[in-house]
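As structure tokens, the structure follows; a few thoughts come after it.
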Amino acid sequence: MKKYTKRITCIALAVAAAATLTLAAFAAEYASKPSFSDTPAQSTDVTTSDLNNAIDDALENDDGVAVATIEAASTDNLTLSANVMKALADKEDVILQIETDEVTIEIDASTIENTKKINLSMNVANTSKKSVVNFKSNSEFGCEVKIILKGCKLSEDVLENAKAYRYGYETGPVFTGEDGLPYFIATKGGSYEIR
């Protein structure tokens, strides 16, 4: 009987010591006041309602194609649902244009082959040597996505022969629009360099 009492006492002491150490660890973790971001992550999901309103207000471009423009706060958290992609694909003769401060994103409905959700969230960095577009997703888009760089700092001479590279592999040329802004076409996410 004494054997069992000693074992039970040892176990109880071990549990008490572990609990004390755990409490000490928690107390050390919260010695300083925790901080929280004042700006919550903003989602910039484009809805079918947004798309339909933009299509109603669409203006024709020089080629006679309707351009439906949607303003987005940023590209930090930008997604197009499968429903939006399906609604856009059903139009066929519409270009969806998403305007942000850093880039303009265009999707021509005629290029849509797969109406799945697309994550267009990205970070953009521009220097005098290159522009970098980092999509948060590596997935296939199921369509062609035109990325127009508004803050590109590359010279006209460099842009004349510039190419787009995805993870170091060339994906195609960089074009310059009538407004002088460079753009490239992407069919999937990942990290792109324009140089």
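Reckoned from all heavy atoms, side chains included, excluding hydrogens, waters and symmetry mates.
Residues Tyr192 and Asn134 are not in side-chain contact: their nearest non-hydrogen atoms beyond the backbone lie 4.5 Å or more apart.
Between Val65 and Asp93 the shortest heavy-atom distance is CG1-O, 3.5 Å. Between Leu154 and Arg195, the closest heavy-atom pair is CD1-CA, 4.4 Å.
Judged as a salt bridge (Lys or Arg N to Asp or Glu O under 4.0 Å), not a single pair has a partner in residues 47-65 (not counting sequence neighbours). Counting only residues at least two apart or on different chains, the side chain to side chain donor-acceptor pair (under 3.5 Å) pairs with a member in residues 146-161 are Glu99-Lys150. For residues 163-176, the pairs satisfying side chain to side chain donor-acceptor pair (under 3.5 Å) are Asn138-Tyr167, with sequence neighbours left out.
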After noting the C-alpha distance and the side-chain angles of Asn83 and Ser81, does the key distance pass the side-chain hydrogen bond (donor to acceptor under 3.5 Å, both in side chains) rule? CA-CA 5 Å; Asn83 288 338; Ser81 70; 4.9 Å; no

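Side-chain atoms of Asn126 never come within 3.5 Å of backbone atoms of Ser131 as a donor-acceptor pair (strictly under, hydrogens ignored).
Atoms NZ and CD, from Lys188 and Glu144 in turn, are 13.5 Å apart once rounded to the nearest 0.5 Å. With values rounded to the nearest 0.5 angstrom, Ser137 atom OG is found 10.0 Å from Lys117 atom NZ.
The 12-atom threshold is exceeded at NZ of Lys116, counting heavy atoms of other residues, nucleotides or ligands nearer than 6.0 Å.
The only option from Thr100, Val132, Asp76, Ile105 that meets the side-chain contact (heavy atoms from CB on, under 4.5 Å) definition with Met122 turns out to be Ile105.
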